[in-house]
**Student:** 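Here it is, the structure in full.
In what follows, chains carry the letters A, B, and so on, assigned in the order in which the sequence lines appear, proteins first and then strands, with residues in each chain numbered from 1. The figures that follow rest on heavy atoms only: side chains count, while hydrogens, waters and symmetry mates do not. Everything numeric in this text was worked out from a predicted model, so none of it was measured.
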Amino acid sequence: MPDCRKVDEAARLPRGFYNRDTVTVARELLGKWLVHRADGRCRAGRIVEVEAYLGPGDLAAHTSRGRTKRTEAMFGPPGHAYVYLIYGIHHCMNVVTGPEDSGTAVLLRALEPVCNLGDNTHGPGRLCKAMGIDLRHYGADLCGDELFLLRPPSEPAIEIVSRPRIGVDYAGEWAKKPLRFYVRGSGFVSKK
DNA sequence: AGGATGATATCC
DNA sequence: GATATCATCCTC
């Protein structure tokens with residue numbers, strides 16, 4: 001099991017990483033580490049499942065209903081967090097991608113524990129709970145020092161599987177598009 | 001299969 | 001100001 005000390009020797013993902021095509025970013029986020037430093041504690045997990053949301057034209061994306069106070073962060077500049085509360089209980093975290101105003105983002109759905117996480121890290125709600133992410137992180141700069149992503153010290157080759165996104169049946173044709181990506185064989189991805 | 005639980009969008 | 005709707009998870 002990798003160690004949290006390795007966080008300091010790993011390369012932080014630069015702003016430019018996020019300022020690209022959303023599907024490209026989604027696929028490349030697999031295998032990267034999500035790190036949260038707070039209260040003198042460092043929590044980290046390896047991203048193994050994500051979903052791409054392609055902006056106002058994507059009927060499954062929150063930004064398809066236009067710019068609102070809630071979706072403001074998703075329309076913001078890349079490399080920031082779009083966090084929202086769902087079903088009154090769970091938080092979900094997205095990484096904002098593409099140029100500012102594009103309204104595109106990648107939902108983080110599952111992690112493999114790296115350090116200081118329990119084993120309840122699969123599923124977007126449990127991911128946020130394990131990482132201690134909530135609405136305080138709405139709009140947080142992922143190039144900052146508290147919540148960030150990095151390229152791990154060693155990044156093993158992975159095989160990427162693409163499938164339809166989960167929980168977006170209302171989105172018509174968009175519900176069928178294979179915009180969910182996960183690491184084959186991880187064992188920590190959503191069933192289905 | 002259904003309930004929890006609250007922010008938000010979309011209606012009056 | 002009321003209400004319907006959730007990019008979910010847990011329990012029954």
Side-chain angles (χ1 to χ4, degrees), chain A residues 18 20-30 32 34 36 43 45-76 78-98 101-113 117-140 142 147 149 160-183 186-192:
Chain A
Y18 306 100
R20 296 181 296 159
D21 167 74
T22 302
V23 168
T24 301
V25 175
R27 297 174 64 95
E28 291 193 18
L29 278 175
L30 296 174
K32 301 299 186 293
L34 175 66
H36 184 201
R43 283 175 278 201
R46 177 174 176 257
I47 299 170
V48 293
E49 183 183 13
V50 298
E51 283 176 1
Y53 288 86
L54 303 187
D58 175 357
L59 277 330
H62 288 167
T63 47
S64 66
R65 306 255 186 100
R67 191 186 281 257
T68 65
K69 189 164 187 290
R70 178 209 198 189
T71 56
E72 191 59 34
M74 192 163 161
F75 279 106
H80 290 251
Y82 166 48
V83 181
Y84 63 92
L85 183 63
I86 188 76
Y87 301 108
I89 304 178
H90 307 289
H91 295 276
C92 294
M93 175 184 169
N94 294 251
V95 170
V96 179
T97 61
D101 296 325
S102 62
T104 54
V106 175
L107 171 68
L108 305 184
R109 291 193 57 90
L111 303 176
E112 279 177 8
L117 296 181
D119 53 5
N120 258 10
T121 54
H122 56 288
R126 288 183 285 201
L127 180 156
C128 284
K129 183 161 188 280
M131 289 292 292
I133 293 166
D134 56 38
L135 288 178
R136 288 174 303 161
H137 304 280
Y138 181 89
L142 299 177
L147 185 63
L149 292 90
I160 298 175
V161 182
S162 54
R163 291 280 183 275
R165 294 172 292 185
I166 289 180
V168 296
D169 293 343
Y170 58 85
E173 289 300 308
W174 282 90
K176 301 173 185 168
K177 296 183 184 291
L179 292 173
R180 170 172 158 249
F181 307 97
Y182 62 86
V183 177
S186 155
F188 275 87
V189 305
S190 304
K191 312 298 180 207
K192 192 172 178 179

**Student:** Kindly point out which of B/dA4, C/dC6, C/dT8 is positioned nearest to the side chain of A/Y170?
**Tutor:** C/dC6
**Student:** Of A/L107, A/L54, A/V168, which is the lone residue that meets side-chain contact (heavy atoms from CB on, under 4.5 Å) with A/L179?
**Tutor:** A/L54
**Student:** Has A/R136 got more than 12 heavy atoms of other residues, nucleotides or ligands less than 6.0 Å from its CZ?
**Tutor:**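 No, the 6.0 Å shell around CZ holds no more than 12 heavy atoms from other groups.
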**Student:** Would you sort out whether A/Y53 and A/T97 count as a side-chain contact (heavy atoms from CB on, under 4.5 Å), showing the intermediate values?
**Tutor:** CA-CA 9 Å; A/Y53 288 86; A/T97 61; over 6 Å; no
**Student:** Would you mind reading off the distance between A/I86 atom CD1 and C/dA7 atom P, rounded to a whole angstrom?
**Tutor:** 4 Å
**Student:** By a 5.5 angstrom centroid cut-off and a 30 degree plane limit, is there stacking between A/Y84 and C/dA7?
**Tutor:**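 No, A/Y84 does not stack on the base of C/dA7.
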**Student:** Quick one: A/L127 CG to C/dA7 P, roughly how many Å, whole number?
**Tutor:** 17 Å
**Student:** Provide, to the nearest angstrom, the distance between the CG atom belonging to A/D58 and the P atom belonging to C/dA7.
**Tutor:** 12 Å
**Student:** From the list C/dC6, B/dA7, C/dC10, which nucleotide is the closest neighbour of the side chain of A/R65?
**Tutor:** C/dC6
**Student:** For a quick test of reading the model: is some side-chain N or O of A/H90 closer than 4.0 Å to OP1 or OP2 of C/dC9?
**Tutor:**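 A/H90 to C/dC9 OP1/OP2: no side-chain N or O under 4.0 Å.
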**Student:** Would you verify whether the NZ or CZ of A/R70 falls within 45 degrees of the ring axis of A/Y84 while also being under 6.0 Å from that six-membered ring's centre?
**Tutor:**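 Positive - A/R70 is close enough to the ring of A/Y84 and near enough to its axis.
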**Student:** Within a reach of under 6.0 Å around CZ of A/R65, are more than 12 heavy atoms found that belong to other residues, nucleotides or ligands?
**Tutor:**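 Check fails, neighbour count at 12 or below.
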**Student:** Let me know the distance between OH of A/Y82 and C1' of C/dC6, rounded to the nearest Å.
**Tutor:**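 Distance, rounded to whole Å: 11 Å.
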**Student:** Between atom CG in A/L85 and atom C1' in B/dA4, what is the gap in whole Å?
**Tutor:**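 Atom-to-atom, A/L85 to B/dA4, this comes out as 12 Å.
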**Student:** Report which part of the nucleic acid A/M93 touches: base, sugar-phosphate, or nothing (heavy-atom distance under 4.0 Å, all strands).
**Tutor:**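 The answer is nothing, as A/M93 stays clear of every strand by at least 4.0 Å.
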**Student:** Pair A/V25, A/T104 - check side-chain contact (heavy atoms from CB on, under 4.5 Å), show working.
**Tutor:** CA-CA 11 Å; A/V25 175; A/T104 54; over 6 Å; no
**Student:** B/dA4, B/dA9, C/dA7: which one has an atom nearest the side-chain heavy atoms of A/I89?
**Tutor:**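 Of B/dA4, B/dA9, C/dA7, B/dA4 is nearest to the side chain of A/I89.
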**Student:** Atom CG of A/N94 to atom P of C/dT8: distance rounded to whole Å?
**Tutor:**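 Distance check: A/N94 CG to C/dT8 P gives 11 Å.
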**Student:** Report the stems of DNA chain C as range-with-range entries sorted by first number; a stem here is at least three consecutive pairs, Watson-Crick or G-U wobble, both distances under 3.5 Å, and write none if there are none.
**Tutor:** B:1-4 with C:8-11, B:6-11 with C:1-6
**Student:** Testing A/H122, A/R46, A/E112 for side-chain hydrogen bond (donor to acceptor under 3.5 Å, both in side chains) with A/S186, which one passes?
**Tutor:** A/E112
**Student:** Without decimals, in angstroms, what is the distance between A/D134 CG and B/dG6 C1'?
**Tutor:** 14 Å
**Student:** Nearest to the side chain of A/R126, which nucleotide is it out of C/dC10, B/dT5, C/dA7?
**Tutor:** C/dC10
**Student:** Between C/dC9 atom P and A/R109 atom CZ, what is the distance in whole Å?
**Tutor:** 7 Å
